[in-house]
Q: 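Below is a structure I'd like to ask you about.
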Amino acid sequence: MSEVLSWRFAARHSLMRHSWLILLLLLCSSTNLFASASASASASASPAKLSNYFQESWTTRDGLPHNTINDISQSEDGYLWIATWEGVARFNGREFSIFGRGELTGLPDSGIRVLNKDNDGNVLIAGSRGGFSLHSGNGWRSWAPFNVLLNAVVQDQQGTFWLASEGQGLFRQAPDGSRTRYTQADGLPSNIIHSLLVDSRGHLLIGSGRGLAWLDTTTAQPQVMPAEGMPVVPVFVLAEYKGKALAGTEQGLFSWFNGQAALLDAALADMPVASLLVNNNQIWIGTTDRGLLRYSELGLEQLTIAGGLPNNRILSLYLDREQSIWVGTNGGLFRLRDAPFVTYTAELGLAGDYVRSVMAHSDGSVWIGSSQGVSRLAGRQLKTLDLSAVSRGQSVLSLTEAADGSVWIGTYTDGVLLWQDDKIVRRLDRQSGLLANEVRAVVPAKDGGLWVGTAQGLNYVSADGIKNFTTAEGLPAPFIMALYLHTDGRLFIGTGAGVAIMQPDGSIVPVDFSHLDGAEYAFGFAPDNAADAIWMTTDRGLVHYSLSSGELTMLGRNVGLPFDKLFQVVIDRQQHLWISSNRGILRLEREHIVAVLSGKRDHLDYELFGEGDGMQSAQANGGSMPAATLARDGAVWFATSKGASMVQPQVLKRFAANIPPIVIESLKVNGTERQLTSSIQLAAGVNRLEFAFAGLGFVMPQRIQYRTRLQGFDSDWVERGSQNVAEYTNLPPGEYRFLVSAAYPQGGWSEHEASLSFTILPYIWQRPGFWLAIVGLVTLLGLIMLRWRLNALRRREQLLRWQVAEKTVELQQQADHLKAVDQERSALLVQLKRQAEEFEQQARCDALTGLANRRAFDEALARECARSRRNNLPLCLVLLDIDHFKQVNDSYSHSIGDEILKLVAAEISSHCRTDDTVARWGGEEFAILLPNTTVKVAQDICERMRQAIMQIDCTVFASSLRITVSMGIAEFAGEAHYDKLLSRSDSALYRAKQNGRNRIDIAV
């Protein structure tokens, strides 16, 4: 059925003639379309360009029941309702709930053609087979079907419903439910009615298959009147605009008032208009085959499939409370909205989409370097620079502004170029003396020189020539990714193996990253004047470098950041930090950072932005300079793999000003969903309640924050983050009220929380009356038992007297027996203690070699490290590994391998003191702890061991077998965690093996 209806609407709404002429008129007239309207609109802010809106779409893959979106509406509680041929979908921003035909809705068919709202804000739903229902906060209500497809429904001020049908004219349903039908016999131009509109005067405008008609709903017996001046063509949609009626027809968009009809604009002639949305001075126009148009002070703009629409046939348009434009197409649901981020791509004029560098120029422009060249954005004008004369690939890696406003451009293969007066005036490359043509960082020096960071080292360009710096001069690695020249003359150099600082005297001092979670790559620097520090972005997190003390603090996974690799930091005008990464943009608030650095909190809150916030790609690019920048207007720019993304931090407050309405969607009791009513009683024994709720905000639904409070259980609000489910287990019987509120990040909480009251009934034994009865019964039984007991005691008194003597003898015998038992138990305890000591010794000893095992050695290592740190005594750790031991096991046998391990263990022990600790570390590895021993002495001891082990005679096992070992020595350096000592010793052992085995290496 849906295919037939879709074909009929497509056939009626499509217009095939004059297509090229109409498109030409659109282009020609867009420049002066609003010459007359611009004066009146100048008082209000200009709308964003249509191309700058953030686009999102949903299809059946996302949960829609059908991809043809016939109509869209929003209920008073905040839900978005979508009419399709397979039911009406209710959308909460995260998921769709589908309602079709059946007893719940009262609809005879799932095909929904139209949605509207009645005078009370309830949702009206109508469609196939004349189904007509209403959804309110109290549930569903339906009326008898009209047995014909309904195209439109409205309610006038008197509460009367007017319904447009496909072939049976106009229906009028009075508040008492009585119905009247208007047809051509009553003056309608056609029995096919497409659209209805009740205007501000109470007139019902009727868009039929043969023009426009109207009637006065305020009269007792309304009479149908023809709309003089309108063309006799199908009128598909009606809207009110500045006191006039807008009529969308298959021959264009007309305005009509008091018998006067005119095309709204010549550019809209012969335009097949299927849907309309009036928003202030903007008119959004949905066409049957030309996509989406917007008529505003910016001119006539068009959006088609080429610009991101799912389909060029627009069936419905809707403006929600958050000012998002919802578009119902033949290929799914589509939305245009403002987003925190705006992204410039090649489609909008960038030289290339893969952006590596963005730079804010002092003149207010933004320079964008991509894999295909450089673009300059000044105002709204985007211009691409022509580098082809000196650059073969025009692949740009870095940008920086010179003192005179000219710009240095670092390229991938062509060195560094100086752009001045709209042309390249200088080029430096390998032939000029640079170490490499791949230039990732450029910084002008104070004396007029230029620092150039390349893939092969650092260069300084001056009038005297080019001076080169590599690892020979002290760089940690030759691959330079970032440079920063501080005001005191220190040059910070970011490389692939850490950071180095060139002092004003020319010396290069490496920054020790060894304790920063293994950080190596340094991608960028950002000075923080407010904190007298430098922020360094690395492959292990964000590093805070104090300029005064040189202290380094890592902020990474240890404080709750979601990932390690961070590229560039930008500090906005509010002193908050924005950080780019491969997985989106992080925003950190200053007060949270200060609290973490001062030790007042151990967790760093953050906001993460990505594709859902306007970015075309959440993958930002790093390793070039600068990968992010702060523009003069306060905007923060980021280089990404899909364009240059920009965010205005102050815009976030505007998004946060929206407070999403909150609803409780479901309650599950012990896993079974329970219908929500005003008063809910739950049976005794309920042990698990699950509440699902939703903040009905559609701008950033995934970022909505929730908090809940269960009155009667929670003493305060419980922060839920973005989790929209709350679960409670084993609640005691009683009366409860569940409250939930929602907010956007940095925004206020819902003024009116959603609430649900319920009662958990007690078991009978949990009722107070039950326990009062139990107490009375117990008291009565107690009195009866007491009386019986007193009588029994009297009867037994005499019996007990003559039994006392007998019992005394028996007790004495028992006492003697207990004494003997106690002696036996004491002996048994002594034996058990001795066995426990033997088991303890076995648990700390390697069964094969008789040496200490891993557990015993760890205790000794912790003890000796503490003593060495406390007494400032030397301590060495040796890790020893038998070379090629696997070959021994494979070539001979594991039993022979065990004998070899015993021999080596005995030889090691023979060279160690009683204070030394020797342990089998695992497999063929041994660990030796040498207290009060310097590296030199330890090396001598290990050399004697190595020589002695080489002399072990293995002829009993195999005549050709020779044993050698490799050893790594590390001296304790006061590390807070002895794992560092183990790691260094292990690294030395690894080098010994790498360097040929049968040798000793010392950890640096």
Side-chain angles (χ1 to χ4, degrees), residues 837-861 863-864 875-971 981-982 985-986 988-990 992-993 996-1002:
E837 291 173 351
E838 292 174 359
F839 290 153
E840 175 68 16
Q841 179 64 26
Q842 293 174 5
R844 299 168 57 84
C845 182
D846 179 64
L848 179 65
T849 62
L851 300 178
N853 60 10
R854 178 71 174 268
R855 173 185 170 187
F857 185 80
D858 284 346
E859 293 174 355
L861 179 58
R863 183 179 62 255
E864 293 299 336
L875 173 66
C876 286
L877 171 63
V878 181
L879 289 183
L880 180 149
D881 187 86
I882 301 175
D883 296 328
H884 305 296
F885 186 75
K886 184 177 183 301
Q887 296 179 7
V888 174
N889 285 333
D890 293 342
S891 301
Y892 299 96
S893 69
H894 285 278
S895 59
I896 291 178
D898 289 345
E899 293 301 323
I900 297 300
L901 288 173
K902 292 178 183 178
L903 292 173
V904 171
E907 200 62 55
I908 294 171
S909 299
S910 67
H911 286 79
C912 291
R913 304 164 299 180
T914 56
D915 290 342
D916 299 336
T917 301
V918 182
R920 185 182 178 190
W921 188 247
E924 66 272 22
E925 277 192 278
F926 297 83
I928 309 165
L929 193 61
L930 303 174
N932 201 17
T933 305
T934 63
V935 171
K936 183 63 176 66
V937 173
Q939 186 177 12
D940 293 340
I941 295 171
C942 291
E943 181 60 25
R944 290 195 297 272
M945 287 183 192
R946 188 184 68 83
Q947 294 289 346
I949 291 171
M950 288 177 59
Q951 302 303 317
I952 292 176
D953 185 7
C954 299
T955 55
V956 177
F957 313 118
S959 59
S960 60
L961 180 60
R962 294 294 182 269
I963 303 172
T964 63
V965 295
S966 300
M967 288 184 259
I969 305 174
E971 185 175 15
L981 179 62
L982 283 168
S985 179
D986 188 64
L989 174 61
Y990 179 77
K993 286 180 167 292
R997 292 185 170 85
N998 192 21
R999 58 177 286 135
I1000 302 167
D1001 271 41
I1002 300 173

Q: Got I963 and V904 here, is their nearest side-chain heavy-atom distance under 4.5 Å?
A: yes
Q: Going by side-chain contact (heavy atoms from CB on, under 4.5 Å), name the residues that satisfy it together with A906, two or more places apart in sequence or in a different chain.
A: none
Q: Tell me the closest heavy-atom pair linking E925 and L989, and the distance in Å.
A: OE2-CD2, 3.5 Å
Q: Donor-acceptor pairs under 3.5 Å, side chain of residues 884-892 to any protein atom, not counting sequence neighbours: which ones?
A:
from	atom 1	to	atom 2	distance (Å)
K886	NZ	D890	OD2	2.7
S891	OG	Q887	O	2.8

Q: Which residues satisfy the side chain to side chain donor-acceptor pair (under 3.5 Å) test with D940, sequence neighbours excluded?
A: K936
Q: Nearest 0.5 Å, please: how far is CD in E899 from NE2 in H894?
A: 14.0 Å
Q: Which atoms form the tightest heavy-atom contact between M967 and C942, and what is the distance?
A: CE-O, 3.0 Å
Q: Which pair of non-hydrogen atoms, one from S909 and one from L851, has the smallest distance, and what is that distance?
A: OG-CD2, 3.2 Å
Q: Mind running side chain to side chain contact (heavy atoms under 4.5 Å, CB included) on L982 and L861 for me, showing each step along the way?
A: CA-CA 10 Å; L982 283 168; L861 179 58; 3.8 Å; yes
Q: How many angstroms lie between OG1 in T964 and CZ in R962, if you round to the nearest 0.5 Å?
A: 11.5 Å
Q: Sequence neighbours left out, what passes side chain to side chain donor-acceptor pair (under 3.5 Å) with S893? Give chain and number order.
A: S895
Q: What residues, two or more places apart in sequence or in another chain, satisfy side-chain contact (heavy atoms from CB on, under 4.5 Å) together with E907?
A: S910, H911, A948, I949, I952
Q: Taking all non-hydrogen atoms of both residues, which atom of N853 and which atom of C845 are closest, and how far apart?
A: ND2-N, 3.6 Å
Q: Nearest 0.5 angstrom please: L961 CG to C954 SG, how far?
A: 4.5 Å
Q: The test is side chain to side chain contact (heavy atoms under 4.5 Å, CB included); show your working for L877 and I969 and say whether it passes.
A: CA-CA 6 Å; L877 171 63; I969 305 174; over 6 Å; no
Q: With sequence neighbours left out, what residues match D915 under salt bridge (charged side-chain N to carboxylate O under 4.0 Å, His left out)?
A: none
Q: Taking only residues two or more places apart in sequence, or in another chain, which ones meet F857 in a ring pair (Phe, Tyr, Trp, His ring centres under 6.0 Å)?
A: W921
Q: Does any pair with a residue in residues 944-958 pass salt bridge (charged side-chain N to carboxylate O under 4.0 Å, His left out), and if so which ones, sequence neighbours excluded?
A: E943-R946
Q: Test of understanding: with side-chain contact (heavy atoms from CB on, under 4.5 Å), list the residues that count as partners of D898, not counting sequence neighbours.
A: L848, L901
Q: Show the numbers, then the answer: is there a side-chain hydrogen bond (donor to acceptor under 3.5 Å, both in side chains) between S966 and D881?
A: CA-CA 5 Å; S966 300; D881 187 86; over 6 Å; no
Q: Kindly indicate, with the supporting measurements, whether the criterion salt bridge (charged side-chain N to carboxylate O under 4.0 Å, His left out) is fulfilled by D883 and K993.
A: CA-CA 8 Å; D883 296 328; K993 286 180 167 292; 3.7 Å; yes
Q: How long is the gap from CG on D858 to OG1 on T917, to the nearest 0.5 Å?
A: 11.5 Å
Q: Would you call E924 and L880 a side-chain contact if the rule is heavy atoms closer than 4.5 Å?
A: no
Q: Specify the closest pair of heavy atoms between L875 and L930, including all atoms of both residues, with the distance to one decimal.
A: CD1-O, 3.5 Å
Q: Could you pull out all residues at least two apart from T934 that satisfy side chain to side chain donor-acceptor pair (under 3.5 Å)?
A: none
Q: State which residues pass side chain to side chain donor-acceptor pair (under 3.5 Å) with R913; sequence neighbours excluded, sorted by chain then number.
A: D916, T933
Q: Using every non-hydrogen atom in the two residues, find where V965 and I882 come nearest and quote the distance to one decimal.
A: CG1-CA, 4.0 Å
Q: For Q939 and I1002, run side chain to side chain contact (heavy atoms under 4.5 Å, CB included): C-alpha distance rounded to whole Å, both residues' side-chain angles, the deciding distance at 0.1 Å, then the answer.
A: CA-CA 8 Å; Q939 186 177 12; I1002 300 173; 3.5 Å; yes
Q: Can you list the residues that meet the side-chain contact (heavy atoms from CB on, under 4.5 Å) rule with R999, with sequence neighbours excluded?
A: A992, N995, D1001
